[in-house]
Amino acid sequence: MIGYHLRNSIFWIRWATYLLLLLCSTSVVWADWPEHRGNLQRTGYREQALNSTHWVPFWRHDSLSPPEPAWPAPAKGSLWQKLDKIEARVTDDMADVPLVVLDSEGHSHVLITSSANDRLISVNPLTGKTRWQFFTQGPIRYAPSVLAGIAYLGSDDGLVRAIDISNGKQIWQTRIGPAMPSIIGNERLISPHPIRTSVLVEDGQVFATAGLFPSQGVYSVALKRSTGEIVWRRKITQSPQGYLLADAGKIFIPTGRSEPFAAKKTNGSFLFKLPSPGGSFCMLTPDAFFAGTGNSSRIQGKAKKSNAKMLSFQGKQFAAGNGKIWTTNGSNLVGHDMQSVLRGEKSLNWSVDCKLDQSLIVSGQVGNLTLFVAGGSKIKLYDAQTGQSRGTLSIDDPSAKIKYLAVSRLPDAKQEVLVASTRSGKVFAWRGAESGESSVWPKPVQRKVEFESNKRIATKRIEAVRRILKSPRGWALVLEDHDGQVVNALLQQTELRVVSLATDEKVVQRLQNEFQEKGQYGHRVTVWRHDTANPLPFSKGLFNLVLEAMPVPLSDSELLEFAAAESGFLWRVGYENPLQAPRLAGAGVWRHQYGN
């Protein structure tokens with residue numbers, strides 16, 4: 001405990017010293033992209049000094065697996081709603097969101113989370129190489145909220161964590177919902193109360209939600225930023241999904257298909273609902289709150305002034321700032337004057353043809369703001385004031401499909417960088433330049449792949465496992481496999497998803513890195529640290545196979561509880577044959593339509 005407080009104190013002293021030096025310096029320009037869409041109001045707008053007139057290929061990063069969204073594609077239509085087409089409502093995790101941030105020592109990082117690999121990674125913005133990676137015990141679906149060199153993020157494992165950006169070390173973690181065994185969700189092991197919104201850090205507190213189904217418990221919470229200690233926790237009746245937003249004294253919580261709502265920062269109490277056509281997108285300007293885009297590709301807005309009329313904009317992507325609002329709908333990119341909108345007057349400033357509709361951000365300085373619009377394999381740049389074209393960028397993989405953008409001037413390198421993440425998991429970056437240079441992309445940072453030799457794999461044992469399994473698919477729990485041979489054999493010879501538990505933290509980190517380098521981590525195998533003095537953190541009857549690689553201090557009956565009834569097996573070290581899980585008491589066979 002003393003060590004924890006000492007490390008925490010050293011961190012805050014280090015950050016305060018850096019901040020003092022920064023404030024005393026007139027030569028340093030603070031610039032970054034520390035939140036999804038640039039700020040806590042999610043407007044897609046951030047003012048910073050961007051002087052580049054050209055952007056040239058810089059690096060590409062290929063270590064991330066394709067994202068695994070929480071929700072499948074919607075139905076093609078609805079007879080009941082009389083809809084020929086249904087648009088997806090919750091799409092935030094269709095790609096991994098990049099941020100460009102500073103750590104407590106003033107060094108720049110590109111942060112990217114992964115829903116497929118359960119990790120937060122730091123990428124060097126000048127080389128595209130991984131600096132460090134931090135693994136959670138579930139998919140991370142939302143980008144962190146960053147302040148003072150710390151990244152705050154939630155995961156499907158139900159935990160909110162604070163991570164020191166300088167080294168990737170965890171400062172604290174807090175479980176938001178009640179402690180319960182893990183369950184299967186989206187073909188992954190998750191908490192019954194996953195974090196399905198972003199977290200938000202402001203005013204010395206970290207705000208978050210946990211849970212999806214109100215009947216099973218959904219919670220909103222405020223934590224102390226320095227320690228993760230719960231300030232307040234409130235059970236709510238909504239199903240929160242999306243990026244949280246902040247305003248004076250309020251947090252705004254999207255809910256996917258239903259209406260977003262506002263709550264008090266001081267205690268989480270409900271304030272009011274906000275109009276929405278459905279969808280997890282929300283945006284807060286100084287004058288209005290917007291939400292959408294529903295099934296009609298439209299956002300609805302509620303002006304802050306009382307008795308103001310309802311606002312509405314057609315489009316698929318939106319950004320707002322400096323008294324303007326920009327929209328793109330796949331046909332046109334449009335600039336509006338916000339004050340004219342509020343007065344009910346004609347608001348159109350300009351409109352240009354533009355078929356890109358997957359991402360829209362605005363950055364630069366007033367008088368020289370640039371619109372970055374992305375879709376497919378292209379990014380188009382426009383003068384935000386006039387709509388005049390400023391060029392087109394493209395990636396060298398037409399199948400990758402750009403989804404999210406971040407742009408920043410790197411104070412520590414005096415370099416401007418534009419980062420694009422894609423639905424394939426690949427990340428591309430351009431550097432700012434004063435003149436056009438080579439448009440050829442450098443070779444990607446290659447993933448290191450070193451598969452174990454078959455000579456080192458317990459082939460005979462896994463072949464025996466295959467014979468006893470009722471199906472090649474399902475879930476396996478492997479205990480104390482320190483060299484990864486048992487897990488490797490299972491991955492190569494079966495279609496099982498594997499959870500590997502080990503007590504040694506160094507073993508866990510090494511195996512996580514090895515399986516990640518092979519492109520298997522997350523979607524095929526996860527490695528968790530677990531103290532055998534504590535109960536196993538899983539629902540009983542979850543696994544088709546429980547396999548011991550080294551002896552663990554648990555009895556046969558304790559381990560068999562986690563094998564699926566009748567079809568699951570436990571195979572221990574030194575046992576010639578596996579033990580089959582017993583049939584559930586009172587279970588029978590349903591042989592006819594009416595059971596007899």
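Residues Ala303 and Leu342 share a closest heavy-atom pair of CB-CD2, 4.1 Å. Between Trp232 and Lys265 the shortest heavy-atom distance is NE1-O, 2.9 Å. When all heavy atoms of Pro260 and Ala291 are compared, the pair lying nearest together is CG-CB, 4.0 Å.
With contacts defined as side-chain heavy-atom distances shorter than 4.5 Å, the pair Leu223/Ile176 qualifies. Between Val218 and Phe213 the shortest side-chain heavy-atom distance does not fall below 4.5 Å. Two residues are said to be in side-chain contact when any heavy atoms from C-beta on lie closer than 4.5 Å; Ile183 and Ile190 meet this criterion.
With Gln241 as the partner, the side chain to side chain contact (heavy atoms under 4.5 Å, CB included) test is satisfied by one option alone out of Leu212, Asp92, Thr255, Thr209: Leu212. Residue Phe289 is tested with Phe281, Phe252, Phe261 for a ring-ring contact (aromatic ring centres under 6.0 Å, His included); the sole match is Phe252. Checked options Val427, Val110, Leu111; the residue passing with Val123 is Val110 (criterion: side chain to side chain contact (heavy atoms under 4.5 Å, CB included)).
Using the six-membered ring where Trp is involved, Tyr152 and Trp172 have ring planes that are tilted, between 30° and 60° apart. The aromatic rings of His36 and Tyr243 sit tilted relative to each other, their planes meeting at an angle between 30° and 60°.
Aromatic rings of Phe318 and Phe313 (six-membered ring for Trp) have centroids beyond the 6.0 Å cut-off, not under it. Taking the six-membered ring for Trp and the full ring otherwise, the centers of Phe428 and His61 sit at least 6.0 Å from each other.
Ion pairing between Asp157 and Arg161 holds under the 4.0 Å rule for side-chain N and carboxylate O. Contact check on Asp353 versus Lys355 returns no salt bridge, with no Lys/Arg side-chain nitrogen under 4.0 Å from an Asp/Glu carboxylate oxygen.
Within the structure, every pair that satisfies the salt bridge (charged side-chain N to carboxylate O under 4.0 Å, His left out) test and touches residues 313-328, not counting sequence neighbours, is listed here: Lys316-Asp357, Lys324-Asp337.
Remark: Lys540 NZ is loosely packed, at most 12 non-hydrogen atoms of other residues, nucleotides or ligands lying under 6.0 Å away. More than 12 heavy atoms of other residues, nucleotides or ligands lie within 6.0 Å of NZ in Lys250, so this atom counts as buried by the packing criterion.
Side-chain contact of Gln48 with Ser363: a donor-acceptor pair under 3.5 Å is present, judged by distance alone. The closest side-chain donor-acceptor pair between Thr197 and Arg141, if any, does not fall under 3.5 angstrom. Side-chain polar atoms of Arg298 and Ser312 form a donor-acceptor pair below 3.5 angstrom. With 3.5 Å as the limit, one finds no donor-acceptor pair spanning the side chains of Thr43 and Arg37.
Applying the side-chain contact (heavy atoms from CB on, under 4.5 Å) test to Lys380 and every residue at least two apart in sequence or in another chain returns Leu356, Tyr382, Thr392.
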Residues Tyr219, His193; criterion ring-ring contact (aromatic ring centres under 6.0 Å, His included); working and verdict: CA-CA 8 Å; Tyr219 303 87; His193 302 92; 5.7 Å; yes
